[in-house]
Protein chains: 4
Amino acid sequence: MSTEHSSGRAASRDAGDTGSERRAELLAIAADLFAARGVRATTVREIAESAGILPGSLYHHFDSKNAMVDEILREFLDHQRRSYDEVLREAADARTTIAELVRRSFRGMHRYRAAVAIFQNEANHLAGIERFDHLRQASRDFERVWKRVLADGRRTGAFRADLNITLAYRFIRDGVWTAVHWYNPRGRLTINAIAEQYIAILCEGIAAPERQ
Amino acid sequence: MSTEHSSGRAASRDAGDTGSERRAELLAIAADLFAARGVRATTVREIAESAGILPGSLYHHFDSKNAMVDEILREFLDHQRRSYDEVLREAADARTTIAELVRRSFRGMHRYRAAVAIFQNEANHLAGIERFDHLRQASRDFERVWKRVLADGRRTGAFRADLNITLAYRFIRDGVWTAVHWYNPRGRLTINAIAEQYIAILCEGIAAPERQ
Amino acid sequence: MSTEHSSGRAASRDAGDTGSERRAELLAIAADLFAARGVRATTVREIAESAGILPGSLYHHFDSKNAMVDEILREFLDHQRRSYDEVLREAADARTTIAELVRRSFRGMHRYRAAVAIFQNEANHLAGIERFDHLRQASRDFERVWKRVLADGRRTGAFRADLNITLAYRFIRDGVWTAVHWYNPRGRLTINAIAEQYIAILCEGIAAPERQ
Amino acid sequence: MSTEHSSGRAASRDAGDTGSERRAELLAIAADLFAARGVRATTVREIAESAGILPGSLYHHFDSKNAMVDEILREFLDHQRRSYDEVLREAADARTTIAELVRRSFRGMHRYRAAVAIFQNEANHLAGIERFDHLRQASRDFERVWKRVLADGRRTGAFRADLNITLAYRFIRDGVWTAVHWYNPRGRLTINAIAEQYIAILCEGIAAPERQ
DNA sequence: TATGAATGAGGTTTCATTCAT
DNA sequence: CATGAATGAAACCTCATTCAT
């Protein structure tokens, strides 16, 4: 084990206090900065300044900058995992399920926008740090969900027989999650509109149906 | 915005030296590191070390670290712009054209893999620096090409009438370019295979066609 | 030299509170940490944590970290001074007196182990701080006691005529007090055993007496 | 393995360059400060200031502050080990050997004064850091040398039969090495004078021989 | 008495860059 | 072309201490 673990030094950082209001505030501020500028490019000075405190004061609440990143990401990942699992338990047909997965991805993106942006931008780089090992597991968990539904759909004839499951999964994943780069919660395009359009393209393609 | 102007010293290199072999070598080494670890996270020391020289020596070839990034990106962007323009000049039907754009995107990704990764990962962050203003222009150029073809296709009935051009463009762009994160030139999935599968999904959708 | 004066606030504690039980407990905890890790290396957070309170709470009992160190050292130094003085008042021959000084040093080390360790490790560094000026005086007091006995013994013929008083004093002092680094109160070697062996070596040497 | 290892990042720090003149200068400056104020209490800023450079510049020569400490200590320890081993190879009687060990200890103290002071003051605290694991081995090596000679002497009758080898060793070690705290190379007491007086006390004791 | 949030100074280290040789 | 020493700014983090509650 390397140095990248929460040492639980101060009472204020022990399990119970994880939910303090000030903490949540600071975390939200940090998340927005991380999302906008990148984790490395965001300095603790900037976070502190945005929060109106001094850099050292951040360390009363968090063990390190990476500990903040970690907490931000975990909250999103836990939520998203639960959300996907719910869909699987509802056991609809493959096409309905895929559509619902897309919808829930966009809803997660809406609710945890900063976290999604961080995850999307930096998962690769962060994964080199021991503390962020769990990111890889989360990615694998997500992958398993999508691929299972795609494979089911192909087997039952809901999806094309020549569908390459891996490539389809990657196309969807990348297309959907990368939307966080341009999605604007206060823009004209709502989460629902985007999701439904993506689902349409994904399922039916952009080509017009042949006239019969 | 910082002040990122090429200093006077650069003049001595702008003409002849730009094409030196050593330069290209160094640039390739740097590009791979930038792509793998991120621009900020890659130190000039690491680049120098990979090249077997000392950090100071890099400055005989390039004005700065960002100058290297700039050169790496420009090469790719110029190529890609020309490649897209060629497609437009060939004036096929919309669907053929879209397919060809996808193919040429993947070919660009194959040839300028590191540059694409850098562009994909860091264009947003770099765009804040004066020297990288041109990235935004390049993005706009690409966008114009894709949207024109999509709009043409919708007008001529090749594409669905209810297609949201902007969203379709973004979905394609994100899905295609983000593939650089996992594309492995020595893997089993060739550029061609990926491109054709993506084109199929994109045009026809993943859903099996209704039996008539 | 820093300004280390007890602030006005301390007045409220100087009389009655000095003897509180909680204080003594906290002081003992701090002393052990200071001894084990060094004064500088021990943080008030660690002390507080060991005591089960928060760092800020320590300041209800003590003015500062150095005030704790000071109190710990003073208790030992006052005791040791009194103990040495008693020996001098008993007025035995030089050799008996030296032996008794050694014994009482070890007894002091046993009773004020942490304080002795701190004194031994850090007197030099602490002496640069105004508040710890008295350490130098204590050292001088101790030195005077030992040297007087050694000089008496040399004059009366109890000790060798070629004895260098200063060097002998230093050898004894260093050899004896440094034992605090390895002395283990729960180990097999008792304070008495160590003292008697040291007295033997000191007085008779390690060499076997010449056969006559 | 933790983070405390030389990473050999820069060419200037690779094996060969270990002997540069500037390095040695800087190391000597640092050693004196470490010895005088303690390792923790000495800041890299102070070292740099003493050397007339900026703090960051130190990192051109050394990987870290602890790397400097390590190098300082290793040089002394390697020397002292070799020096002790030479004595053992000369195979004189136990008393002569012990005397020679004392002499060589003082000579080592003279030549590597700062290193000895650091070793004496901080070996215990440093040993908690992985990088300084070897300190414990060095201590054990030294202990083995002294104890072997003491045991030999007791067996052959050169030393008292009731000598406690462990305690005798510790007394000598502590008495001798702690002298570094007050030894002044420009003072009146030469290394030789101190060594001979210590040898006399150690072997014959401070008590005057009984008249025969 | 105790808490928890904050301070402010200072710590070690990193790193792009410069420049005399 | 390359080196190696140095710069200077800025990074993350630590910690004794304060103080309103």
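First the proteins, then the strands, lettered A, B, ... as listed; each starts at 1. Given the structure is predicted, the values throughout are model-derived calculations rather than measurements.
- Here the CD1-CG distance, from D:Ile47 to D:Leu26, works out to 9.0 Å after rounding to the nearest 0.5 Å.
- Note: CG (C:Leu58) to C1' (E:dT3) measures 13 Å, nearest angstrom.
- A distance of 13.0 Å separates CD in A:Glu46 from CD1 in A:Ile29, rounded to the nearest 0.5 Å.
- Look at B:Ser57 and you won't find any side-chain N or O under 4.0 angstrom from OP1 or OP2 of F:dC1.
- Closest to the A:Arg22 side chain, of the nucleotides F:dC12, E:dA16, E:dA5, is E:dA5.
- Put simply, A:His60 has no side-chain N or O that comes within less than 4.0 Å of OP1 or OP2 on E:dG4.
- For the atom pair CG (A:Leu58) and NZ (A:Lys65), the distance works out to 11.0 Å, reported to the nearest 0.5 Å.
- Rounded to the nearest 0.5 angstrom, A:Glu122 CD and A:Phe34 CZ are separated by 9.0 Å.
- The nearest whole Å value for the distance from the CG atom in C:Asp70 to the P atom in F:dA16 is 17 Å.
- Judged purely by atom type and a 3.5 angstrom limit, D:Thr42 uses its side chain to pair as donor or acceptor with the backbone of D:Leu33.
- The C:Ser64 side chain lies nearest to F:dT17 when the options are F:dT17, F:dT7, F:dC12.
- Here the nucleotide nearest the side chain of A:Tyr59, chosen from F:dT14, E:dT12, E:dA6, is F:dT14.
- Electrostatic pairing of D:Glu71 and D:Arg74 does not count as a salt bridge here, judged by no charged N lying under 4.0 Å from a carboxylate O.
- Applying the salt bridge (charged side-chain N to carboxylate O under 4.0 Å, His left out) test to every pair with at least one member in residues 49-58 of chain A, sequence neighbours left out, gives no pairs at all.
- Remark: C:His61 is in phosphate contact with E:dA2, judged by side-chain N or O atoms under 4.0 Å from OP1 or OP2.
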Go ahead and write out DNA chain F as dot-bracket, 5' to 3': ( ) for pairs within the strand, [ ] for ones crossing earlier pairs, | when the partner sits on another strand, dots for unpaired; Watson-Crick or G-U wobble, both distances under 3.5 Å. .||||||||||||||||||||
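- Between the CZ atom of C:Arg37 and the C1' atom of F:dC15 there is a distance of 15 Å, given to the nearest Å.
- C:Ala31 and C:Ile118 make their closest contact through O-CD1, 3.9 Å (heavy atoms, listed as atom of the first residue, atom of the second, distance).
- The nearest whole Å value for the distance from the CG atom in A:Asp63 to the C1' atom in F:dC12 is 13 Å.
- To the nearest angstrom, C1' of F:dT18 lies 18 Å from CZ of C:Phe62.
- To the nearest 0.5 Å, atom CG of residue C:Leu73 and atom CG of residue C:Asp70 are 7.0 Å apart.
- Between F:dT21 and E:dT1, the distance separating the two C1' atoms is 13 Å to the nearest Å.
- In this structure, the CD atom of A:Glu25 is 15 Å from the C1' atom of E:dG4, given to the nearest Å.
- Between the NZ atom of D:Lys65 and the C1' atom of E:dG10 there is a distance of 12 Å, rounded to whole Å.
- In this structure, D:Leu26 places its CG atom 11 Å from C1' of F:dA6, rounding to the nearest Å.
- The CZ atom of C:Arg40 sits 9.0 Å away from the NE2 atom of C:His125 when rounded to the nearest 0.5 Å.
- A heavy atom closer than 4.0 Å to some atom of DNA chain F occurs in A:Thr42, A:Thr43, A:Val44, A:Arg45, A:Gly56, these being the qualifying members of residues 38-56 of chain A.
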